[in-house]
Amino acid sequence: MASRVLPLVFMGSPVLRAAAKPIPKSVFASGEIARLAGDMFATMESSNAVGLAAPQIGETLRMFVMDAPYERAKRKAKKCDEDGATPSIRRVVCNPRVVQASSDEEFGLEGCLSIPGCAEQTPSLPHMRFIMPIQSTCG
């Protein structure tokens with residue numbers, strides 16, 4: 001089944017304020033998460049974004065997808081495309097749990113698909129380590 005571009009949820013929607021639910025381990029074997037991840041990547045790419053969280057498409061799940069450009073992750077990047085495309089780190093992250101984070105903040109211009117037309121200098125932690133039960137790279 002081909003991936004679908006899903007409609008985005010915008011600021012003001014209750015799903016964006018709801019606590020995301022963990023994904024049960026039994027769901028991973030069903031292929032449902034893989035299909036959702038494919039749809040999320042298609043939606044993210046159609047919006048020219050680098051990340052998308054499940055609540056942004058109306059799903060209250062602890063899940064996000066990202067495709068970090070090589071420049072953001074030089075040390076861990078793998079060449080995913082043999083056709084000369086820019087290497088990236090493409091990930092599906094489910095049920096993440098932060099286990100270590102740096103205390104210093106870096107600021108960068110960041111936008112959000114759920115708040116169209118808005119980009120702000122946003123603080124972020126430059127180094128973070130998290131664990132998760134499932135992960136997909138170059139997928």
Checking V92, I57, L52, V93 against M63 for side-chain contact (heavy atoms from CB on, under 4.5 Å), the one that qualifies is V92
Okay, side chain of S47, backbone of A49: is any donor-acceptor separation there less than 3.5 Å? no
CD of Q121 to CG of L109, rounded to nearest 0.5 Å, is 5.5 Å
To the nearest 0.5 Å, atom OG1 of T60 lies from atom CZ of R17 at 15.5 Å
Next on the checklist: If hydrophobic clusters are built from ILVMFWY residues whose side chains come within less than 4.5 Å, do M40 and V9 share one?
Outcome noted: no
Heavy atoms of A53 and F64 approach each other most closely as CA-CB, 3.8 Å
The reported gap from CD in E120 to CZ in F107 (rounded to nearest 0.5 angstrom) is 11.5 Å
Heavy atoms of P55 and V15 approach each other most closely as O-CG1, 3.6 Å
### Query
Taking the side chain from R62 and the backbone from A20, do they hold a donor-acceptor pair closer than 3.5 Å?
yes
So CG of L8 and OG of S13: to nearest 0.5 Å the spacing works out to 11.5 Å
| Any chain of hydrophobic side-chain contacts (each under 4.5 Å) joining L6 to I115? | no
Distance col, row L16:CG vs Q56:CD, nearest 0.5 angstrom, shows 7.0 Å
CD1 (I33) and SG (C94) are apart, to the nearest 0.5 Å, by 5.5 Å
Worksheet item: Run the side-chain contact (heavy atoms from CB on, under 4.5 Å) check on V5 and T43 step by step: do they pass?
Response: CA-CA 4 Å; V5 174; T43 304; 4.2 Å; yes
### Message
Is it the case that the side chain of N95 and the backbone of P22 share a donor-acceptor pair, with hydrogens and angles ignored and the cut-off at 3.5 Å?
### Response
no
Closest non-hydrogen contact found for L61 with A54 is O-CB, 3.6 Å
For E106, the side chain to side chain donor-acceptor pair (under 3.5 Å) test, sequence neighbours excluded, returns none
Heavy-atom closest pair (A101 atom, V98 atom, distance to 0.1 Å) is CB-CG1, 4.4 Å
*asked:* Show, in sequence, the C-alpha distance, side-chain angles and deciding distance for C112 and M11, and conclude whether the side-chain contact (heavy atoms from CB on, under 4.5 Å) test is met.
replied: CA-CA 10 Å; C112 177; M11 185 171 70; over 6 Å; no
**Item:** Whether over 12 other heavy atoms sit under 6.0 Å from N48 CG
**Value:** no
